[in-house]
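Treat the numbers as computed from the prediction; the structure is a model and nothing was measured. Scope of the values below: all heavy atoms of this structure, side chains included, with no hydrogens, waters or symmetry mates. Order of appearance sets the numbers: ligands from 1, and atoms from 1 within every ligand.
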Amino acid sequence: MTTLTGRLLVADPHRRQITLRSGSIRIHGEQIVNVDFDDDPGSELISENERGQNELGEAHAGTSPANRSRPLRPGERVIAPGFIDAHLHLSQFGIIGAHGMPLLKWLDQVTFPAERAWQDVDFARSTTRSVLNQLLSFGTTSFCGYTTVHHESTMAALELATQMGFRGMIGQVLMDRNAPQDLCGETNQLIDQAAKTLQSFPPNAEMEAAVTPRFAITCSPPLLESAGALAAQQHAAVQTHLAETQHECARVAELFDSARYVDVYQQAGLLTPRTILGHAVHLDATDHQTLAKHDSIVAHCPTANQFLGSGRMNRKPLAEANVDVVLGSDIGAGFNRSMVCVARAAIETAASLGNPPPTAASAWHDITAGAADALGWDNVGQLCEGHRADVVVIEPDFAIQMQGDDSIIDPLSQLMFAWDDRWIKQTYLRGQSAWGG
Ligand SMILES: [Zn+2]
């Protein structure tokens with residue numbers, strides 16, 4: 001039995017945000033078996049009416065709309081549920097930092113050559129091990145990942161992630177055109193291989209296979225349709241990319257008789273409540289309605305969009321259309337492996353678009369309980385009894401005594417904006433110390 005004490009990152013499902021409460025969790029076996037709070041929730045929160053408004057009645061920046069948690073005190077640890085990265089490429093951790101190219105050029109010149117190395121299963125396995133250990137060091141315990149077109153290597157990645165105890169999904173990338181010949185498969189064979197990944201790692205597995213056509217440009221209409229049919233038949237998760245850059249959208253229009261990009265996927269049966277669409281930067285209201293109609297999920301990857309100069313994804317109209325949005329690092333176009341930094345980048349992107357930026361409390365929710373909710377994972381993302389004990393122990397060093405309890409700054413905002421990955425002291429995966437400690 002392990003007991004972890006500190007300020008707990010607790011989800012408030014009604015307000016879709018996080019609060020900090022003093023307490024402890026007990027871990028037994030693979031699960032959290034007990035959560036105790038030292039105080040009632042009210043005593044841990046400071047009402048905005050008391051603290052959060054200035055003399056003009058304006059809310060202070062960085063505070064949550066209703067109330068916020070009391071400041072962190074020096075030496076206080078933060079206990080968080082493991083973070084969720086809803087879009088990353090296992091094969092691309094080695095190419096982080098290839099700067100200065102737009103998407104399609106970056107794919108041709110950097111990504112495809114790197115993915116070729118995954119034809120060697122041993123290389124793929126050792127790379128996956130390194131990547132999964134990196135994720136743990138950044139507090140990520142659940143993820144949605146792409147591999148490459150290589151089947152055996154994808155199986156090896158799924159096996160390893162399962163053995164290590166991760167929660168999430170991995171998909172073999174499906175491509176049958178407009179990519180180097182040796183990275184394209186034969187259409188039917190690719191579908192057979194995707195079906196095999198699903199046989200071994202079915203949708204109810206803790207680490208499941210996902211049907212993963214890379215994006216419309218590299219997939220023929222028959223491949224997209226067969227992928228949609230397979231996903232429907234197996235109730236499998238689907239991962240793909242959508243409308244990341246304008247150039248890509250124009251190319252899709254050329255390839256698909258001027259169809260709307262979203263409609264290409266819709267017609268192939270690829271839009272489902274278990275579909276995660278990376279990026280969705282260049283869409284309009286009609287497209288948002290289509291995504292909402294199918295309950296599909298958008299993975300917003302702000303650091304990757306910034307890195308490739310793809311554009312700024314506007315979350316506001318998606319939220320207004322009731323489309324769930326989750327966050328992804330999109331390594332290796334994304335350069336930051338920390339989901340806390342990705343969440344901060346999402347705040348910065350919203351602010352740069354002139355939207356009311358999400359609060360830090362809601363950004364923390366995005367990378368924990370909010371993502372788990374959207375992805376339908378009911379045993380991760382929160383510090384709850386009966387949940388998997390995927391837990392991050394954080395020791396921030398910014399709290400100083402003179403700040404007392406009178407600070408006007410939300411500690412969740414401080415934690416996010418002053419974030420330093422060295423504060424992560426230990427990551428538990430399914431009840432076991434898997435990194436640090
Ligand atoms: Zn991606």
Between His87 atom NE2 and Asp330 atom OD1, the angle centred on the Zn ion (ligand 1) rounds (to 10°) to 90°
Are more than 12 heavy atoms, taken from residues, nucleotides or ligands other than Glu385, located less than 6.0 Å from that residue's CD atom?
yes
Is there an N/O/S atom in Cys301 at a distance below 2.8 Å from the Zn ion (ligand 1)? no
task: Find out whether Thr148 and Leu183 are in side-chain contact, i.e. whether some heavy atom of one side chain is under 4.5 Å from a heavy atom of the other.
output: no
Result for side chain to side chain donor-acceptor pair (under 3.5 Å) between Asn305 and one of His279, Arg312, Glu244 points to His279
Here the N/O/S atom of His241 closest to the Zn ion (ligand 1) would be NE2
query = How about His279: does one of its N, O or S atoms come closer than 2.8 Å to the Zn ion (ligand 1)?
reply = no
Next on the checklist: Using 30° and 60° as the class boundaries, would you call the ring planes of His89 and His241 parallel, tilted or perpendicular?
Outcome noted: parallel
